[in-house]
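One structure is given below, encoded as structure tokens.
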Amino acid sequence: MNRHQRSEYYLTDEGTIYQPDAGAGHRQPSTWEELRHFRFSRLVPQEGPDPAGGTVDTSLAERLAAAMVPRGQDEQPDSAIPAGYTYLGQFVDHDLTMDVTDRTLGERVTVEQLMQGRSPALDLDSLYGFGPGHPDSAACYEPDGMRLRTGRTAGVGDLSEFDGFDLARVRGSSEPLIPDPRNDENLAVAQIHLALVRFHNRIVDDLVSQGTPSALLFDKARERVVLHYQWVLRHDYLPRIVDPAILDEVFTHGRQIFEVPIDPYGNGSRYATAVPGRLPTMPIEFSIAAFRIGHSMVRDGYEWNSVFNQDGTPATLDRLFTFSGTGGELNGDNRLPSNWIPDWRRLFDLAGDGEAGPAFAPPAGGLNRAKRIDTLLGRFLGQLPPGTFGGGLADGIPARIQRNLAFRNLVRADMVRLASGQQAARFMQQYTKLSPLSARDVLDGERGADLSGLSGDDRSRIADHTPLWFYVLREAEINGGVLTGVGGRIVAEVMHRAMEGSRHSIVRRPGWKPDLLSPRGRFTMAHLLLHAFDHDPVLLNRVQ
């Protein structure tokens, strides 16, 4: 889980905020360091003076995080969202925050890497890398330079090997041959990545059958895949997690708070910085808070396929980490065992959303649902294995709470002086219609984190200066598990800008529609999967 190991952030116009052994520090980077760093930005202006370093007080974060991961039985309700969207969201997050230079600190970096390797745009650079002709990503491609490589699973028991159902891997190793190894940190996101690989290869086959010249084949395929991917996010994924009214306003009338487009008439230029085709920055309010909603959606266990349904035993979340290359070294093997191939019918609604027939429906009760977006996290995320965040534990803080992902999120926000929910709401009210949460909303919520056990001083501090991540989750919790208000606006605007800033963009081509639309005029993640697996129910449920 490399994203949870980030120890410093380069903020445009501010310099580098970093975390030494104790507290947080701030320094101006050298010219070379400035070029190397991923471009984060601050969406909500800071209020008050900027303290010069100092120790981050983690005591309140400890108590709040403990309330967000209760030790009792599972208290978090399911949502109506199929569970696969949790990991589609994680794939999207990695697509937006891929940081090649973060892995090569101290080594020379090419201009090409600076421009493409850190692209906060929805352009699938986590899938394509620098393309088939570049030495850093050539190994991800088949010898024809058109198709992406896949791997073969390892036979187990009565199950044979299956080609095309694992990520390609370095020979004799569990290391994945993909541009961003974070996409193999758990089995669910690895299989989402594999599905996109198969979708690309199927699109290549489609274009070959249509007579597309070989010189144009790869570029045409990539363009088509990126546009269909963005369409799925805009018309399928985002409406499930963000208030549709906010989405429609942003995608119809444009952004109001983030990198507002330059007005050719010179009006409303309060901080208009966005040129549509230019790469955007990545707001820390999105990266550290608003888009960490996926942590709340994670289940502790999944009905993964028929193997894990025979005796009612689910595939636990820790096993999904174990049977991945980056997160668990495939439990000591070099290939994914065949009994861990997912039944896609249980992760996405192929029969309903994909408009497919009865053969694509899951067994009764077999469709996994994501947990509701709220202020609660599952037990596994409250006791992360140290290896998932680099293994390092700070002195002076109980080891148990350091393994709590909620604690790590809250402390990281303090490290960069992230705006509170109330500060973000005040800022956005200048430009949008927004109703901030009341103190009672923040403290009581709707069957979420129970803060009644906290002291009066703690409750007062949280009510007046709510951590932005908690505030966004509480908004969604009160709104039936859908982002609204501050969180909905941040996610909608950043995703809009990330599409606008991509080389291929449905925002800059508003008349474009998928050529794979269903008879009902829809194209969802379920349709993408059906096309990737040749509309074959056996391929979508390989473990019979």
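Under the 4.5 Å side-chain criterion, counting only non-hydrogen atoms from C-beta, Leu64 is in contact with Pro467. With contacts defined as side-chain heavy-atom distances shorter than 4.5 Å, the pair Ile373/Ile241 qualifies. Here the side chains of Leu122 and Val92 are in contact, with some heavy-atom distance below 4.5 Å. Inter-residue side-chain proximity for Val472 and Glu477 is flagged as unmet; no heavy-atom pair is nearer than 4.5 Å. The side-chain heavy atoms of Ser338 and Val543, taken from C-beta on, include no pair separated by under 4.5 Å. Residues Pro283 and Val494 have side chains in contact (heavy-atom distance under 4.5 Å, counting atoms from C-beta outward). Side-chain contact between Met499 and Leu233: present, with at least one pair of heavy atoms (C-beta onward) separated by less than 4.5 Å. Contact of the Gln423 side chain with the His465 side chain is registered, since non-hydrogen atoms from C-beta on lie closer than 4.5 Å.
A distance-only check finds no donor-acceptor pair linking the side chain of Gln256 to the backbone of Gln430 [under 3.5 Å]. Side-chain atoms of Asn305 come within 3.5 Å of backbone atoms of Ile341 as a donor-acceptor pair (strictly under, hydrogens ignored). A donor-acceptor pair under 3.5 Å is absent between the side-chain atoms of Thr58 and the main chain of Ala61, judged by distance alone. Under a 3.5 Å cut-off, the side chain of Arg459 and the backbone N or O of Leu454 do not form any donor-acceptor pair. No side-chain donor-acceptor contact under 3.5 Å links Glu285 to the backbone of Ile490. Although no hydrogens or angles enter the test, the distance criterion places a donor-acceptor pair under 3.5 Å between the side chain of Gln422 and the main chain of Thr466. Side-chain atoms of His235 do not come within 3.5 Å of backbone N or O of Val232 as any donor-acceptor pair. Checking side-chain atoms of Asn479 against main-chain N and O of Gly481 turns up no donor-acceptor pair under 3.5 Å. Not one N or O on the side chain of Glu185 forms a donor-acceptor pair closer than 3.5 Å with the backbone of Thr326. Between the side chain of Arg42 and the backbone N or O of Val44, no donor-acceptor pair lies under 3.5 Å.
Taking the six-membered ring for Trp and the full ring otherwise, Phe199 and Tyr229 have centroids separated by 6.0 Å or more. When ring centroids are compared, Trp231 and Tyr237 stay outside the 6.0 Å threshold. For Phe348 and Tyr85, the ring centers sit closer than 6.0 Å to each other.
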For Glu249 and Thr432, run side-chain hydrogen bond (donor to acceptor under 3.5 Å, both in side chains): C-alpha distance rounded to whole Å, both residues' side-chain angles, the deciding distance at 0.1 Å, then the answer.
-> CA-CA 10 Å; Glu249 180 182 343; Thr432 66; over 6 Å; no

Step by step, would you call Phe258 with Phe286 a ring-ring contact (aromatic ring centres under 6.0 Å, His included)?
-> CA-CA 11 Å; Phe258 174 54; Phe286 177 92; 8.6 Å; no

Can you check salt bridge (charged side-chain N to carboxylate O under 4.0 Å, His left out) on Arg372 and Asp78, steps first, answer last?
-> CA-CA 5 Å; Arg372 180 186 67 169; Asp78 287 349; over 6 Å; no

Kindly indicate, with the supporting measurements, whether the criterion side chain to side chain contact (heavy atoms under 4.5 Å, CB included) is fulfilled by Asn404 and Gln383.
-> CA-CA 5 Å; Asn404 183 314; Gln383 50 189 11; over 6 Å; no

Phe308/Trp340 under ring-ring contact (aromatic ring centres under 6.0 Å, His included): CA gap, chis, key distance, verdict | CA-CA 9 Å; Phe308 296 98; Trp340 279 97; 4.4 Å; yes

Verdict with supporting geometry, Tyr87 and Gln191, side chain to side chain contact (heavy atoms under 4.5 Å, CB included) = CA-CA 9 Å; Tyr87 299 95; Gln191 288 292 312; over 6 Å; no

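Asp343 CG to Asn541 CG: the interatomic distance, rounded to the nearest 0.5 Å, is 3.5 Å. A distance of 10.0 Å separates CG of Asn186 from CD1 of Ile192, quoted to the nearest 0.5 Å. Expressed to the nearest 0.5 Å, how far CZ of Arg255 lies from OH of Tyr431 amounts to 14.5 Å. Between Arg169 atom CZ and Leu336 atom CG the span is 7.0 Å, to the nearest 0.5 Å. Rounded to the nearest 0.5 Å, atoms CG (Leu437) and CG (Asp444) are 11.5 Å apart.
In terms of heavy atoms, Val298 sits closest to Thr86 at CG2-CG2, 3.9 Å.
The existence of a salt bridge linking Glu303 and Arg345 is excluded, since no basic side-chain nitrogen approaches an acidic carboxylate oxygen closer than 4.0 Å. Ion pair Arg240/Asp353 flagged as a salt bridge, since at least one NZ, NE, NH1 or NH2 atom sits closer than 4.0 Å to an Asp/Glu carboxylate oxygen. Taking the charged nitrogens against the carboxylate oxygens, Arg417 and Asp414 have no contact shorter than 4.0 Å, which rules out a salt bridge. A salt bridge does not link Asp93 to Arg292: none of the charged side-chain nitrogens sits closer than 4.0 Å to a carboxylate oxygen. Note on Arg489 versus Glu493: salt bridge recorded, some NZ/NE/NH1/NH2 to OD/OE distance being below 4.0 Å. Contact check on Arg474 versus Asp374 returns no salt bridge, with no Lys/Arg side-chain nitrogen under 4.0 Å from an Asp/Glu carboxylate oxygen. Using a 4.0 Å cut-off between charged nitrogen and carboxylate oxygen, Asp248 and Arg234 count as a salt-bridge pair.
Looking at residues two or more places apart in sequence or on another chain, you find a side chain to side chain donor-acceptor pair (under 3.5 Å) between His193 and Asn183. Residues passing the side-chain contact (heavy atoms from CB on, under 4.5 Å) test with Ser435: none are found, sequence neighbours excluded.
Side-chain contact, Asp457 with Ser460: no donor N or O sits under 3.5 Å from an acceptor N or O.
With a 6.0 Å cutoff to the six-membered ring centre and a 45° limit on the axis angle, Arg335 does not count as a cation-pi contact of Phe165.
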